[in-house]
Amino acid sequence: MEELISKIEKYKTEIAGSEASDAKGVEEFRIKWLGTKGIIKEVMGEMKNVPADKKKEFGQVLNEFKLFTESKYESLKEATGNGQLSSASAIDLSLPGDPMPLGSRHPITLMRNRIVSIFQRLGFAVAEGPEIEDDWHNFGALNLPPHHPARDMQDTFYIQQNPDWVLRTHTSSVQIREMDKGKLPIRMLMPGRVYRNETVSARSHCFFHQVEGLYIDENVSFADLKQTLYFFVKEMYGKDVKVRFRPSYFPFTEPSAEMDVTCFICGGTGCNICKKTGWVEILGCGMVHPNVLSNCNIDPNKYTGFAFGMGIERPAMLKYGVNDLRLFSENDVRFLRQFTSAI
Ligand code: PHE
């Protein structure tokens, strides 16, 4: 009995000093000590030779010995990476890596980036502003005083808690914010989401995206506006596309125009997209109204400027052949994953 106990003590010293550098070493440890033909089993077998009155005491020693070995086994396993193959030689470098699915950009983002990058080459910088605006930035400063009939041109969402707040109906509000900063000249692009209370259908939505532009300096003329937009159209739709300006009305520009390009689907011969006219309208523009400049403390006798604004959805629909506007906001991955991240 004494002999057995001192044998167990020796074993314990040996176990305490055991090391394993890899899973193989851990497994060898397990087989040697805890295996079906292992040392623990062998020592257990000695139980039958122990006198009956000592059985209880010896049982405890044995039990403690087993727990000690098991806990050593667990710690060896942990130290070598949970018994997984971990030594350099055990890694199979020819196995394929974990797949990393690449996302794709939203088609509206792709189109926005495309538009922005063209104007950036002319020196336009990007400015952003809040989607919840006060009446002054969305209307008042843009020469749309309260009760002005042109407020009806855009069906506005008002914020219930404070009717002075609206969901911006255009990103022209960001133009006001830029002018308010008082740093001239200004050559800015304002991309962003805008809201109008329209029935949701394949062709219209209660929110959509715009890119507006603003250029203010001394001696800016309508000729500058036209050249800037000609450049844009050429880069965007190709050099064969023709452009025409139609007189229009916006309260914040004078004179105002809308710009059409020859239909890039049918080339101008007439199709469903251009309603057989051969032309598609792509943007509104004009010379910044002197009242707008005054509202932002810019001297209209010294400075002039032009502004323009276009929707992103329509060109995106035409470019990517999307026939329902609602697809852009439904977040259906089957739709979204068709677009690559290229511009
Ligand atoms: N803000 C106008 C709109 O949303 C677009 C526009 C911008 C027109 C700038 C002229 C000048 O319809």
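Indexing begins at 1, ligand by ligand and atom by atom, following the structure's order.
Nearest to atom 11 (C) of ligand 1 by heavy atom, out of Pro251, Gly213, Ser256, Ala307, is Ala307.
For a threshold of 3.5 Å applied to N or O pairs, the pair formed by Thr169 and ligand 1 contains no separation below that value. Between His170 and ligand 1, at least one N/O pair is under 3.5 Å apart.
Side-chain atoms of Lys41 do not come within 3.5 Å of backbone N or O of Leu34 as any donor-acceptor pair. In this structure a side-chain-to-backbone donor-acceptor pair under 3.5 Å is present from Ser117 to Asn113.
Lys12 forms no cation-pi arrangement with Phe65, by the criterion of a distance under 6.0 Å to the ring centre and an angle within 45° of the ring axis.
Of all the heavy atoms of Arg196, the ones lying under 4.0 Å from any atom of ligand 1 belong exclusively to the side chain. If you look at Cys285 next to ligand 1, the close heavy atoms, those under 4.0 Å, all belong to the backbone. Within the 4.0 Å heavy-atom criterion, the part of Phe308 lying near ligand 1 is the backbone and not the side chain.
The aromatic ring centres of Phe222 and Phe306 sit 6.0 Å or more apart. Ring pair Tyr73/Phe68: centre-to-centre distance not below 6.0 Å.
Atoms of ligand 1 lying under 4.0 Å from at least one heavy atom of Gly284, given by number and element, are 8 (C), 10 (C). Near Ser172, meaning under 4.0 Å from any of its heavy atoms, are these atoms of ligand 1: 1 (N).
Remark: distances from the non-hydrogen atoms of Phe306 to ligand 1 are all 4.0 Å or more. Residue-ligand proximity: Gln210 is placed with a non-hydrogen atom under 4.0 Å from ligand 1.
Note on ring orientation: taking the six-membered ring where Trp is involved, the planes of His205 and Phe207 are tilted (angle from 30° to 60°).
What sits closest to atom 1 (N) of ligand 1 on the protein, heavy atoms only, is Glu212 OE2, 2.8 Å.
Between the side chains of Asn138 and Thr169, at least one donor N or O lies within less than 3.5 Å of an accepting N or O.
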| field | Lys32/Ile39 under side chain to side chain contact (heavy atoms under 4.5 Å, CB included): CA gap, chis, key distance, verdict | value | CA-CA 6 Å; Lys32 175 170 178 187; Ile39 291 173; 4.0 Å; yes
